[in-house]
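Have a look at the structure below before the remarks.
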There are 2 protein chains.
Amino acid sequence: MASAPTRVRLSDVAAAAEVSVATASKALNGTGRMTDETRDRVRQAAEALGFRPNAMARALSSQRSLTVGLITNDSYGRFTLPVMSGLSAALVDEGISVLMCNVEDDPDSARRHLDTMLDKQVDGLVVTGRRIDTALPLDLSGVTIPVVYAFTKGPDDAVTLTADDAQGAGLATEWLGSLGRGRLAHVTGPEEFAAARLRAGAFAAVAGPGAPVLHGDWSEAWGHEAVARLWAAGDGPDGIFCGSDQIARGVVDALRERGVDVPGQVSVVGFDNWQIVAAATRPPLTTVDMGLNGIGREAGRLVRALVEGEAVAPGVRRLPCRLVVRGSCGGTPPA
Amino acid sequence: MASAPTRVRLSDVAAAAEVSVATASKALNGTGRMTDETRDRVRQAAEALGFRPNAMARALSSQRSLTVGLITNDSYGRFTLPVMSGLSAALVDEGISVLMCNVEDDPDSARRHLDTMLDKQVDGLVVTGRRIDTALPLDLSGVTIPVVYAFTKGPDDAVTLTADDAQGAGLATEWLGSLGRGRLAHVTGPEEFAAARLRAGAFAAVAGPGAPVLHGDWSEAWGHEAVARLWAAGDGPDGIFCGSDQIARGVVDALRERGVDVPGQVSVVGFDNWQIVAAATRPPLTTVDMGLNGIGREAGRLVRALVEGEAVAPGVRRLPCRLVVRGSCGGTPPA
DNA sequence: CGCCTATGAGAAACCGATTTCCCAGCAAGA
DNA sequence: TCTTGCTGGGAAATCGGTTTCTCATAGGCG
């Protein structure tokens, strides 16, 4: 069979089914009135010809491009790619595609990317980043289409999605407790980060106000340094909850170098479930997974609802985290 | 100023400039014939009204959607996000946007994503992955638009882009030599990987056939294991080129645990310039950067050329790698 | 048996641009 | 003065669908 030189159009289907294009359109969209026989005939013709409607044409008249934009400034893709994957998975069955761009931190580039997206008549926008408490260099005030913020800061009256840092931290801390660890410490990132504050707050709520909380940066080096401080005056804690997998890795490495057995003497929990770090740590990290893919899916669901005109209450929605049990704590996952 | 309820259309511009839409269109596109005065008048009207053409409408009549699709199966985004970023940066100034999706390894999902992209009339496709010698679960044989493969396997007669593994490996090995390291070894990934074979081949070409090449997996654990093997019979090499930053990190850690000073006694070079690993290693890794962003840009350039109908010779294009000097080798970057 | 209504289907306008003619008007040449 | 030849600009078709009307027909009812 020769390859079709041009795509099958609705008029081809209409001709094959011996109806007008108007009827064909209505038949395939389930609108209008006609006998079941006619509708079936059109559907079969469409099927036989392998008809796929031209989304451009459809968009032009229906004023719906079936496209949403995803804007990120997370150049490493660590947070963004799972979100994007969930987003497009949630939307593909509605025929919706995702236009994506990375705007780094340059407002001009951001503006250009945004404008080309708006020219393409995207039905909605999802904005995502690498930090929940700072905004992208992007002025969305004039934008009239729905916007959902995921994992980044938006205006107060915006629809925002994020992981439930406090719940995740609670999960981790309780897990340490359930393993019989009674002297807990928390090693996390800079206090300026909302994520760090939320996690620290939840840690304190579970572990008690006496349990030490050490703020530093998000690096492995800080994990080393924190262990040095915790063990400076004799015995350290027997359970350490870390604000990120990188810190946790630094902590575990430092403990090993110090001759402290993990998980024999000390249990360590991380945060992020960043495979590449968590799996390479010896022993592999028990850690909190933020469910980024799920955040992407939910962002898709929400942006679609907004596009459909459904009312969505503004505010921050926190999606629950999940504990992933590996070797750094001892214990086995609860059934 | 009240927010515009509806976008400015070409007809609005035409009315403001007191010409027909046909003339307005020609004026703004630099086509047709008219006095400079008329053209300027239209341009000023467009400027004043903030006119931005509706890309849908333009696409419908010009048969160009100004959109390209990016398909990946790299769920972690480690390779893909830089490529996507370069791609969209290369195209945004032409008004071209990138439709992106992640198809994992599921042919059905791949098919659905591809179909919705084709329905959107993408002008071209860029396919990228996490491995240069395996193909995505995607049948592109019926696709009539241009396709560029980046960092993944395509058909033999396709336009394919990839990093120049051999050149990068040569760079690394020569760097070790230039630092006076004479007993070199190469620790890399599985021999099934073309990337591993290419790098190993280049290493052997520079270091000589006697220099040991150890294949394992791409993990830190393998780095440890390899060091154990290399030092099993007395003194090991004084320079180690690793096939990935993860392996290099394992090697460096193992050397430290063994009391071997890096870079004092042994120099280590990695491959990937994966910030998060390279920077966290103690000392930070000197490593080979594959220029993924540049691969993305070049993919953009090529796909655009193909869309414009320019002839592009099929075959594999290898883009040069770059050595990033940090602390794991000693030495300072060449001026 | 005739009028009224419900029903199935098509004609045509429309979405917002691009592009192909076509025409009016003016200057130059006969 | 009358043609010829450009020129600037506009009318209208087109891209491929959606949607609103309109209309012919058939059946129900009095």
Side-chain angles (χ1 to χ4, degrees), chain A residues 4-43 45-46 49-67 95 116 118-123, chain B residues 4-43 45-46 49-67 95-96 116 118-123 145:
Chain A
T6 138
R7 283 181 66 124
V8 177
R9 288 157 312 191
L10 181 58
S11 59
D12 299 324
V13 174
E18 299 183 298
V19 295
S20 67
V21 290
T23 303
S25 171
K26 286 178 274 192
L28 296 176
N29 291 309
T31 57
R33 289 177 317 200
M34 68 197 66
T35 56
D36 289 348
E37 192 275 327
T38 305
R39 205 178 287 276
D40 281 348
R41 188 152 37 87
V42 175
R43 284 192 175 140
L49 272 57
F51 170 68
R52 302 212 45 123
N54 181 324
M56 289 290 153
R58 198 203 285 257
L60 187 57
S61 64
S62 66
Q63 310 283 33
R64 282 277 163 76
S65 66
L66 294 184
T67 291
T116 59
L118 294 177
D119 291 347
K120 300 250 165 32
Q121 313 289 116
V122 290
D123 297 329
Chain B
T6 136
R7 284 181 66 126
V8 177
R9 288 156 311 191
L10 182 58
S11 59
D12 300 324
V13 174
E18 300 183 298
V19 295
S20 69
V21 290
T23 303
S25 171
K26 286 180 269 191
L28 296 176
N29 291 308
T31 57
R33 288 177 317 200
M34 69 197 67
T35 57
D36 289 349
E37 192 276 326
T38 306
R39 204 178 286 277
D40 281 349
R41 187 151 40 86
V42 174
R43 284 192 174 140
L49 272 58
F51 170 69
R52 301 211 45 120
N54 181 323
M56 290 290 153
R58 198 202 287 258
L60 187 55
S61 65
S62 67
Q63 309 283 34
R64 282 279 163 78
S65 67
L66 294 183
T67 291
I96 300 174
T116 59
L118 294 177
D119 291 348
K120 300 254 165 29
Q121 314 287 116
V122 289
D123 297 328
I145 56 175

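Because the structure is predicted, anything quoted here is derived from the model rather than measured.
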Integer-rounded Å distance: C:dC15 C1' and B:Met56 CE: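 In whole Å, C:dC15 C1' and B:Met56 CE are 12 Å from each other.
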
Give the rounded distance in Å between these two atoms: CD of A:Glu37 and C1' of C:dA9.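 Result: 13 Å.
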
Does OP1 or OP2 of [N] have a side-chain N or O of [X] closer than 4.0 Å?
X	N	value
B:Ser61	D:dT14	no
A:Asn54	D:dC15	no
B:Ser20	D:dG10	yes

Are B:Ser65 and A:Met56 close enough that some pair of their side-chain heavy atoms sits under 4.5 Å apart?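 SC-SC contact between B:Ser65 and A:Met56 confirmed.
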
Does a side-chain heavy-atom distance below 4.5 Å link B:Lys26 with B:Val42?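 No. Closest side-chain heavy atoms not under 4.5 Å.
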
Measuring from the side chain of A:Leu10 (C-beta onward, heavy atoms only), which nucleotide among D:dT18, C:dA17, D:dG10 has the closest atom?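 Looking only at heavy atoms from C-beta outward on A:Leu10, the closest nucleotide is D:dT18.
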
Name the closest nucleotide to the A:Gln63 side chain, picking from C:dG16, C:dG8, C:dA17.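 The closest nucleotide is C:dG16.
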
What's [X] touching, base or sugar-phosphate or nothing? Going by heavy atoms closer than 4.0 Å.
X	value
A:Arg33	base
A:Thr38	sugar-phosphate
B:Thr35	sugar-phosphate

B:Leu28/B:Leu10 under side chain to side chain contact (heavy atoms under 4.5 Å, CB included): CA gap, chis, key distance, verdict: CA-CA 10 Å; B:Leu28 296 176; B:Leu10 182 58; 3.9 Å; yes

Quick one: the side chain of B:Lys26 and the base of D:dG8, do they pair up donor-acceptor inside 3.5 Å?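 Such a pair does not exist between side chain and base.
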
Residue closer to the 5' end of DNA chain D, B:Val21 versus A:Arg9 (nearest nucleotide):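 By nearest-heavy-atom nucleotide position, the 5'-most residue is B:Val21.
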
